[in-house]
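Order of the sequence lines fixes the chain letters, A, B, ..., with proteins taken first and strands second; residue numbering starts at 1 for each chain. What you see is a predicted model; the values in this text were computed from it and never measured.
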2 protein chains.
Amino acid sequence: MVTPLHVSISEKLRHQIEAGDYVSGEKLPSEHELMKTFQVSRITVRQAIANLVNQGLVSSQQGKGVFVVPQQKVTYSLSSPMVLLADDLSKKGIELTFKNLTFRKVRSPQEVQTALASAEKQVYLQKKLLYMNGAVGAIDISYILPELGKSLGPQLKQEMTFVVLEECAIAIESIDATIECTRADYETSDYLEVPLGHPLIVYRYIVYGPAQKPILWGETLSRADRFCYSLNIQP
Amino acid sequence: MVTPLHVSISEKLRHQIEAGDYVSGEKLPSEHELMKTFQVSRITVRQAIANLVNQGLVSSQQGKGVFVVPQQKVTYSLSSPMVLLADDLSKKGIELTFKNLTFRKVRSPQEVQTALASAEKQVYLQKKLLYMNGAVGAIDISYILPELGKSLGPQLKQEMTFVVLEECAIAIESIDATIECTRADYETSDYLEVPLGHPLIVYRYIVYGPAQKPILWGETLSRADRFCYSLNIQP
DNA sequence: ATTTTACACTTGTTATAACAAGCTATTATT
DNA sequence: AATAATAGCTTGTTATAACAAGTGTAAAAT
């Protein structure tokens with residue numbers, strides 16, 4: 001079995017990146033320069049770079065170049081509602097900010113209807129972007145019971161769900177959550193500034209209020225290269 | 001902004017797959033046939049298929065063709081040690097099996113040494129593959145304290161870590177775990193039968209025994225298309 | 001001095017071409 | 001009949017070529 005040229009080239013570049021020859025955010029040599037350096041055609045250089053993009057090490061921008069992606073990560077603790085971590089994060093010098101994309105009444109999807117077990121089919125949909133130190137890291141999509149959404153609406157626009165729920169003195173009984181992994185589709189790749197197919201961690205949750213009544217269904221799609229989740233299990 | 005041909009073609013194929021035109025495991029038309037169908041060059045067809053591969057929808061095999069990948073998923077509950085789920089899984093008709101790759105004494109890596117806080121630098125390394133219904137789904141790598149490894153060794157070879165620890169009546173005090181996401185490298189892509197860069201979920205854990213003494217450090221790298229984790233949070 | 005234009009450089013898209021390599025079934029040989 | 005060679009399919013690799021499109025800079029026009 002012969003190793004293809006594009007593999008050995010991307011391996012060389014990967015080693016150079018890991019060795020620190022190219023710093024985080026730095027521009028790689030252009031395709032033309034790499035063609036000269038490795039004495040191969042453009043198609044081979046492009047394939048080599050595509051490998052690195054797929055591995056999440058670099059990111060290309062038309063008209064500008066190929067850049068080494070920063071690998072800073074934020075850890076979210078799941079032993080408590082995740083928002084409690086906000087304090088810890090600022091201590092570490094990581095600032096979390098939010099940007100509201102949409103907040104409006106919609107007809108709830110079938111999956112949400114089942115989860116919320118609500119007779120009402122109109123719920124509030126909220127989409128917001130999550131930034132760490134100015135760089136986009138996750139998108140959160142949540143569906144909120146209409147009676148809650150009406151009162152919480154103005155505040156939900158700017159803040160994170162759990163914080164607001166606590167500030168509004170809404171008791172959280174428990175949270176059911178699932179963690180899985182998916183890949184960026186055409187919508188999320190746009191918002192999260194990642195290439196199509198980039199791995200995303202899906203944190204899907206149902207928040208239960210008093211009397212175990214589900215009050216919120218949501219999912220947070222995080223860039224796998226910027227967010228991870230930690231938890232503590234007591235058997 | 002004009003949509004590239006390869007994007008619209010991969011979108012068409014994606015819709016056909018989701019509509020069930022191509023069943024799980026079925027072969028897509030060959031590149032030559034797709035060239036005729038869409039009246040484009042081979043390079044465009046290949047780019048379209050590359051998009052689908054990156055999205056994890058199809059998988060190509062040299063000499064054979066391009067096939068729709070099955071999307072069956074297994075959920076691991078994290079509110080209890082994950083192995084308790086083995087019963088639930090068999091009820092769902094999912095059979096978990098294991099294959100031992102290595103079990104030997106090694107010098108522990110720096111990270112493990114710190115985590116286990118052990119004076120001894122020789123630990124047992126165990127690598128095993130995890131199959132669901134015969135299909136490979138995850139690889140588990142764990143480092144075990146020498147005194148435990150010596151006695152557990154013969155059984156650990158075939159069984160899953162937690163089960164054995166319980167059968168051997170070793171009390172598990174607690175488990176610290178982190179969930180993040182990475183991508184298949186050259187070694188894991190081989191074992192897990194996924195393309196380079198395919199997203200993997202990393203479940204990294206430290207098992208604490210009596211008196212909160214760490215007895216095991218491990219990580220499970222799961223194929224994101226076959227495993228996900230669920231948990232329950234009590235605030 | 002400010003704005004506009006043009007140019008050079010970057011990556012993105014698409015075509016044609018040829019050969020390599022893996023798989024399968026048929027044919028030819030033993 | 002069993003084995004080996006072959007032909008024909010598949011995807012993988014690599015080259016050359018041309019144009020499109022996004023970015024930034026330097027020159028030209030206002």
Side-chain angles (χ1 to χ4, degrees), chain A residues 1-13 17 22 25-69 184 186 189-190 193-198, chain B residues 1-13 17 22 25-69 184 186 189-190 193-198:
Chain A
M1 198 204 75
V2 186
T3 305
L5 275 172
H6 64 83
V7 171
S8 55
I9 291 175
S10 60
E11 279 295 88
K12 262 180 204 159
L13 290 171
I17 290 170
Y22 301 109
E26 195 179 343
K27 187 178 161 299
L28 251 56
S30 73
E31 293 175 356
H32 193 74
E33 288 174 285
L34 291 174
M35 282 167 70
K36 278 200 298 182
T37 306
F38 293 105
Q39 289 294 305
V40 293
S41 73
R42 194 178 164 212
I43 218 167
T44 306
V45 166
R46 282 184 65 77
Q47 184 63 57
I49 290 172
N51 295 341
L52 298 176
V53 170
N54 279 337
Q55 288 168 54
L57 267 82
V58 302
S59 149
S60 67
Q61 287 171 257
Q62 188 172 356
K64 297 181 84 173
V66 178
F67 302 87
V68 179
V69 305
Y186 286 93
S189 75
D190 239 41
E193 297 167 15
V194 290
L196 252 175
H198 180 101
Chain B
M1 198 204 74
V2 186
T3 305
L5 274 173
H6 64 83
V7 171
S8 54
I9 290 174
S10 60
E11 279 294 88
K12 261 180 205 160
L13 290 172
I17 290 170
Y22 301 109
E26 195 180 343
K27 186 178 162 299
L28 252 56
S30 74
E31 293 175 355
H32 194 75
E33 288 174 285
L34 292 173
M35 283 167 71
K36 278 200 299 183
T37 306
F38 294 107
Q39 288 293 304
V40 293
S41 73
R42 192 175 164 213
I43 217 166
T44 306
V45 166
R46 282 184 66 77
Q47 183 64 57
I49 289 172
N51 295 341
L52 298 177
V53 171
N54 279 337
Q55 288 167 55
L57 267 81
V58 302
S59 150
S60 68
Q61 286 172 256
Q62 187 172 357
K64 296 181 82 173
V66 177
F67 302 87
V68 179
V69 305
Y186 285 92
S189 75
D190 238 40
E193 296 168 17
V194 291
L196 252 176
H198 180 102

Query raised in the report: Counting only non-hydrogen atoms, which of residues 56-65 of chain B are less than 4.0 Å from DNA chain C?
Result: B/Gln62, B/Gly63, B/Lys64
Between the protein and nucleotides 15-17 of chain D, list the N/O to N/O atom pairs that are separated by less than 3.5 angstrom.
| from | atom 1 | to | atom 2 | distance (Å) |
| --- | --- | --- | --- | --- |
| D/dA15 | OP2 | A/Ser41 | N | 2.8 |
| D/dA15 | OP2 | A/Ser41 | OG | 2.6 |
| D/dA15 | OP2 | A/Thr44 | OG1 | 2.5 |
| D/dA15 | O5' | A/Ser41 | OG | 3.4 |

**Report entry** Distance in Å, B/Glu193 CD paired with B/His198 NE2, rounded so as to fall on 0.5 Å steps
**Finding:** 11.5 Å
Pairs under 3.5 angstrom only: tabulate donor-acceptor contacts from the side chains of residues 41-49 of chain B to other protein residues two or more places apart or in another chain.
| from | atom 1 | to | atom 2 | distance (Å) |
| --- | --- | --- | --- | --- |
| B/Ser41 | OG | B/Thr44 | OG1 | 3.4 |
| B/Arg42 | NE | B/Glu31 | OE1 | 2.6 |
| B/Arg42 | NH2 | B/Glu31 | OE1 | 3.0 |
| B/Arg46 | NH1 | B/Glu31 | OE2 | 2.8 |
| B/Gln47 | NE2 | B/Asn51 | OD1 | 3.4 |

Query raised in the report: A/Pro29 and A/Leu34: which non-hydrogen atoms are nearest, and at how many Å?
Result: O-CD1, 3.7 Å
**Report entry** A/Leu28 CG - C/dC9 P separation (whole Å)
**Finding:** 19 Å
Query raised in the report: Between A/Glu33 (CD) and C/dC9 (C1'), how many Å, whole number?
Result: 10 Å
Query raised in the report: Taking atom C1' of D/dT23 as reference, at what distance in whole Å does atom NE2 of A/His32 sit?
Result: 18 Å
Report summary line: side chain to side chain contact (heavy atoms under 4.5 Å, CB included) test vs A/Ser10 passes for just one of A/Leu57, A/Asn54, A/Val53, A/Leu52, namely A/Leu52
Query raised in the report: Any side-chain heavy-atom pair from B/Val68 and B/Leu28 closer than 4.5 angstrom?
Result: yes
**Report entry** Considering all heavy atoms, the nearest A/Lys27-A/Tyr22 contact
**Finding:** O-CD2, 4.3 Å
Requested in this report: Rounded to the nearest angstrom, tell me the gap between atom CD in B/Gln47 and atom P in D/dT11.
Outcome: 16 Å
Report task. Taking all heavy atoms of B/Val194 and all of B/Ala184, pick out the closest pair and write down the distance. Result -> CG2-CB, 3.8 Å
Report task. Could you tell me the separation between the CD atom of B/Gln39 and the CG atom of B/Leu5, rounded to the nearest 0.5 Å? Result -> 11.5 Å
**Report entry** Euclidean distance, atom NZ of residue A/Lys27 to atom P of D/dG24 [Å, nearest integer]
**Finding:** 12 Å
Query raised in the report: B/His6 side chain: which of C/dT13, D/dT10, D/dT11 is closest?
Result: C/dT13
Query raised in the report: Nearest-Å distance, CD1 (B/Ile49) to P (D/dT13)?
Result: 14 Å
